[in-house]
Structure formats: C-alpha cells, structure tokens
Protein chains: 2
Amino acid sequence: MSIEFEQIRLEPAYRKVASALMARILDRTLRDGDRLPSETELARQFGVNRSTVREAVRELESSGLLARRPGSKLLVVTRPAAVHVAEGVSRALMLHDVTYQDVWEALTILEPPIAETAAGRRTETDLGEITRAATEFAANNAETARAAFHAAQFLRTVGAATHNRILMLGHEPLLQLLEPSLRAMIDKVPQARSRITTAQRRISEAIQARDSEGARTWMARHIRDFRKGYEIAGIDLTRRLAE
Amino acid sequence: MSIEFEQIRLEPAYRKVASALMARILDRTLRDGDRLPSETELARQFGVNRSTVREAVRELESSGLLARRPGSKLLVVTRPAAVHVAEGVSRALMLHDVTYQDVWEALTILEPPIAETAAGRRTETDLGEITRAATEFAANNAETARAAFHAAQFLRTVGAATHNRILMLGHEPLLQLLEPSLRAMIDKVPQARSRITTAQRRISEAIQARDSEGARTWMARHIRDFRKGYEIAGIDLTRRLAE
DNA sequence: CGCGAGGAATTGTCCGACAATCGTACGATC
DNA sequence: GATCGTACGATTGTCGGACAATTCCTCGCG
C-alpha cells in the first residue's frame with residue numbers, strides 16, 4: 001500500500017502572521033475602523049520580530065485590508081475600497097494584453113443591463129448624482145482629459161444607482177481602462193462630444209422616468225457610439241490597450 | 001491672489017521602492033518571467049536598507065506582480081494570475097456585505113451574454129473543456145462540495161470560450177462567491193442536481209452548434225434555476241453571504 | 001552530455017538602535 | 001467651559017549587522 005503524505009509547506013513567518021491577521025478581519029473579530037495594536041505589541045503576541053510583523057502588515061496594506069488615515073501612523077482595519085481593488089484589476093488586465101475590442105465588448109455586455117437595473121432602483125439621490133455628472137460633462141468637455149473623466153464618471157454614477165456592489169466593483173476596472181482610451185479618441189472625433197452629451201441626457205431622462213427599457217436602449221446606443229468613435233479615430237481595435 | 005500649494009506627501013521609502021519597481025513592470029522594462037536582482041543588490045541600487053526593500057517586495061508580491069516559483073527563492077516578475085486577483089475581489093465583496101441577491105443578479109446579467117459570446121467564438125479546444133466540465137459534474141455530483149465546484153467550473157469553461165480576458169476576470173469573483181452558496185443549496189433541493197445536469201447539456205449543445213441564441217436562453221434559464229433553488233432551500237436572498 | 005558535490009549566494013529571521021513624527025494628557029489662556 | 005499650546009511618551013520608518021537554513025550554480029567527474 002502506498003501512503004500519501006500531505007505536502008509539507010513551510011510558510012514563512014511573515015505569511016503566517018499575515019494570514020492570522022487576515023483571518024481575524026474576515027471573521028469580523030477585527031472590524032472596519034478598529035485600531036490595530038502597535039507593531040511592537042503584535043510582535044510580542046505572535047512571538048516574532050518586529051521586522052517580521054512589518055512585512056506581514058505591508059501585505060495586508062497592499063490588499064487594502066489595513067490602512068492608515070491620511071497623515072496618521074495609526075494602523076486601522078479597513079474594507080478594501082472599490083477604487084483600490086479596481087486599480088489592481090485594471091493593472092492585471094493591462095499586463096494581460098487587453099485590447100480596445102475587449103474593453104468595448106465588456107462594456108457592451110455590462111452597461112445596458114446596468115442602466116436597466118438603475119432605472120428601476122434609482123433613488124432621488126442617485127438621480128441627482130447622475131444628472132450632475134451629465135451636466136458636468138456638458139460644461140467641462142473642452143479639455144480632453146476632463147471630458148474623458150466625466151464621461152467615465154457618468155457611467156460610474158449610473159452603476160451606483162443599481163445598489164449592487166458586485167456590479168459596481170465589476171465595472172469600475174472597465175471605467176479605469178476606458179478613460180485613457182477615450183482621451184485618445186475624443187479629440188480626433190469632432191462629433192464625439194455632442195453625441196456623448198445627447199446620449200447622457202437621454203439615459204438620464206429614461207432613468208428619471210424609471211423607464212428601464214429606454215435606459216437600456218440608449219445606453220446600448222451610447223456604447224455603440226464609442227466603437228464608432230474608435231473607428232473614425234482610426235484606432236485599431238485589436239491593439240493592446242497598454243501603449 | 002491665492003497661491004495653490006501642491007499637496008506635500010512624504011512617501012515612506014518602502015513605498016517609493018515599490019512604486020519604482022511597479023513602474024518598471026508596467027512599462028515592461030521588467031517582463032513576465034524576468035528574474036529580479038537579489039534583495040542586497042536592490043538595496044544597493046536604491047540606496048536603502050535591505051529591510052526596506054523587503055517591505056516593498058512584500059507589497060508587490062501581494063499584488064501578484066512578483067512571485068517565487070514553488071520551492072524556489074528566486075523572485076520573478078509575474079502577471080497577476082486571474083484567480084489571485086479574483087480572490088482579492090471576492091474578499092472585498094464579502095467584507096462589503098454582499099447578499100445572495102447581489103450575486104444572483106450579477107450572474108443574471110453576466111452569464112447569458114457570456115454564453116452567447118462563447119457560442120460564437122468557441123474553438124474545438126474550448127468545446128472539449130466545456131463538455132468535459134459537464135461530464136465531470138454529471139459523474140461527480142454525489143459529494144456536495146464537488147458538485148458545487150464542478151457547477152462553478154462549468155461556468156468557468158464557458159467564460160474561457162469567450163476569449164475575452166475582461167469577462168473572464170470579471171466573472172471569476174462571482175464564481176468564487178457562488179460556489180459556497182451552491183454548497184448550501186444543492187443538498188436541500190433534491191431536483192437541483194438533475195436540473196443543473198440538463199441545463200449544462202443544453203448549453204453545451206448550443207455552444208457546440210454555435211447557436212448563440214440558444215446558448216443565451218439556456219444559460220438564462222440555468223441561472224434562474226439557481227434562484228428557484230435558493231427559494232426552495234429557504235435561503236433568505238437578502239442575507240449577507242458572509243455567514 | 002548528464003549529473004552529483006560543494007562552495008557561493010540568497011532568503012528568512014532576529015537583535016538593537018535612533019531620529020522623526022504622532023498621540024495625548026495636562027496645564028495655560030481666553 | 002472650551003480652546004489652545006506644549007511637553008512627554010509611544011510608534012513608525014529606517015538603518016546596520018548577524019546568522020542559520022536553503023537554494024543556486026559552477027565545475028569536475030563519470
């Protein structure tokens with residue numbers, strides 16, 4: 001008979017410490033906002049050196065599970081912020097040679113149902129944010145960078161109106177990838193600004209009227225316009241997004 | 001006249017080192033698979049202490065940008081693996097009190113178009129993976145944990161057939177969240193196993209026939225079944241996923 | 001050309017130290 | 001009584017050095 005041994009894995013101490021801390025955060029023994037003991041104290045409790053604790057803390061900081069309030073040295077437990085997580089995701093996507101086509105395709109799939117859901121769920125507050133974003137775009141689209149930012153911001157507010165955190169977090173990386181590609185497109189396509197403005201207004205109106213169908217349709221058209229824009233701007237859709 | 005001062009931010013050295021290394025990875029000076037200089041050498045080049053370098057490296061390791069091959073001490077540059085990134089995302093979602101309803105809703109939006117796209121793009125290899133996953137589920141669904149795993153795995157193979165990395169990476173966290181919730185459901189719903197088997201077969205057949213419409217429809221039905229399952233199992237959909 | 005041995009290199013961990021900065025409690029001031 | 005300034009203690013960021021345990025790598029051998 002052959003005996004199967006478990007694989008021996010000697011985790012370094014700093015990883016064990018990180019795991020232990022993470023476990024406490026995930027099981028909510030340590031909660032959002034709780035202050036962590038000092039490094040010296042943690043070192044004492046875990047029976048390791050302070051340097052080891054520091055390495056573990058860096059890992060958790062990078063995952064967004066620990067953070068320090070700006071201008072403070074106190075380490076507090078945090079729930080990873082959406083933007084922070086999304087940054088990691090878009091970094092990963094860039095490194096995996098994502099193309100303009102990929103981004104556009106994902107937007108095509110995601111945004112229309114998001115708009116549809118938003119129309120059914122939006123509160124008055126959401127509506128305010130959405131119309132404000134549309135207004136901002138209309139008012140500040142002279143500068144390319146700003147135009148791109150506000151175009152993405154509009155989609156972000158629509159996403160927030162779904163009140164579904166998965167959808168929000170899921171499409172945030174898309175927006176982060178979209179923004180620079182919009183910067184490359186908007187200036188080369190004269191009619192882009194006005195078409196975006198129109199689409200945003202139609203979408204806003206539909207969401208205001210709780211017209212799910214209309215929101216979906218107009219969002220689909222909005223996204224289709226992006227693709228046209230890329231084509232008119234002469235951007236090769238199969239090109240990698242990363243330069 | 002009012003002078004605007006730039007915000008002063010004194011980044012600690014370990015963060016600067018991490019940023020510098022990350023920049024090199026993002027601009028592809030350092031590429032996937034490249035070996036990093038030793039800690040001592042990095043410390044010399046950056047003009048900081050080795051401890052400082054180590055803290056920086058831990059951050060990048062946690063982001064998935066650096067890693068060591070199993071059983072090796074050599075640090076190599078890596079592109080963050082999808083599962084690794086997705087784990088971070090699902091952790092974040094759990095901590096943000098995601099509900100069963102949220103997961104189901106996101107699946108409803110994402111999976112049908114994914115199946116549709118997959119039907120149009122699948123290669124023979126993809127098809128092999130998909131049918132194999134379906135076969136595995138049919139053969140190994142006695143054990144609950146395995147059944148849940150293979151149910152998720154099936155969706156994973158369908159996602160891979162889209163050849164769109166954004167979609168793949170975007171729905172991986174969903175699968176990670178789905179799996180444990182399936183474990184909680186499958187056993188309480190006698191007809192779950194056979195309904196899943198049927199749906200998988202129909203979806204596979206549609207994808208094989210390149211029938212986009214059929215793939216979408218059957219996937220939608222498949223996902224709707226999950227919801228029915230939760231209801232029959234008496235799971236409160238508004239409950240947080242994290243216990 | 002494959003392969004094993006042994007020295008060199010590297011990592012993981014510890015210790016101790018110190019300046020800069022932050023947190024806080026206490027007293028002074030309005 | 002509330003606000004403010006200050007001084008002191010606590011904490012972090014960084015450094016230097018040290019050492020055992022492994023892994024890497026070269027070189028000589030079969």
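Sequence lines set the chain letters: A, B, ... in the order given, protein chains first and strands last, and positions in each chain run from 1.
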(request) Apply the test side chain to side chain contact (heavy atoms under 4.5 Å, CB included) to residues A/Gln200 and A/Ile196: give CA-CA distance (whole Å), side-chain angles for both, the deciding distance (0.1 Å), then the verdict. (result) CA-CA 6 Å; A/Gln200 288 184 348; A/Ile196 292 177; 3.7 Å; yes
(request) Determine whether the side chains of B/Thr131 and B/Ser204 contain a donor N or O and an acceptor N or O closer than 3.5 Å. (result) no
(message) Applying side chain to side chain donor-acceptor pair (under 3.5 Å) as the test, list every pair that has at least one member in residues 82-96 of chain A; sequence neighbours left out.
(response) A/Ser90-A/Gln176
(message) With each end axis built from five pairs of C1' atoms, what bend angle do you get for the helix from C/dC1-D/dG30 to C/dC30-D/dG1? Round to 10°.
(response) 30°
(request) Could you run through nucleotides 11-18 of chain D and give me one letter per nucleotide, 5' to 3': B if any protein heavy atom sits under 4.0 Å from the base, S if only the sugar-phosphate is that close, - if neither? (result) BBBBBB-B
(message) Applying side chain to side chain contact (heavy atoms under 4.5 Å, CB included) to B/Asp97 and A/Arg79, what does each step give before you reach the verdict?
(response) CA-CA 10 Å; B/Asp97 301 329; A/Arg79 303 191 280 190; 3.4 Å; yes
(request) Output yes when B/Glu61 and B/Arg68 qualify as a salt bridge under the 4.0 Å nitrogen-oxygen rule, no when they do not. (result) yes
(message) For B/Glu172 versus B/Ala86, what's the shortest heavy-atom pair and its separation?
(response) CG-CB, 3.2 Å
(message) I'd like to know if B/Arg58 pairs up with A/Glu55 as an ion pair, taking the criterion as any Lys NZ or Arg NE/NH1/NH2 lying under 4.0 Å from an Asp or Glu carboxylate oxygen.
(response) yes
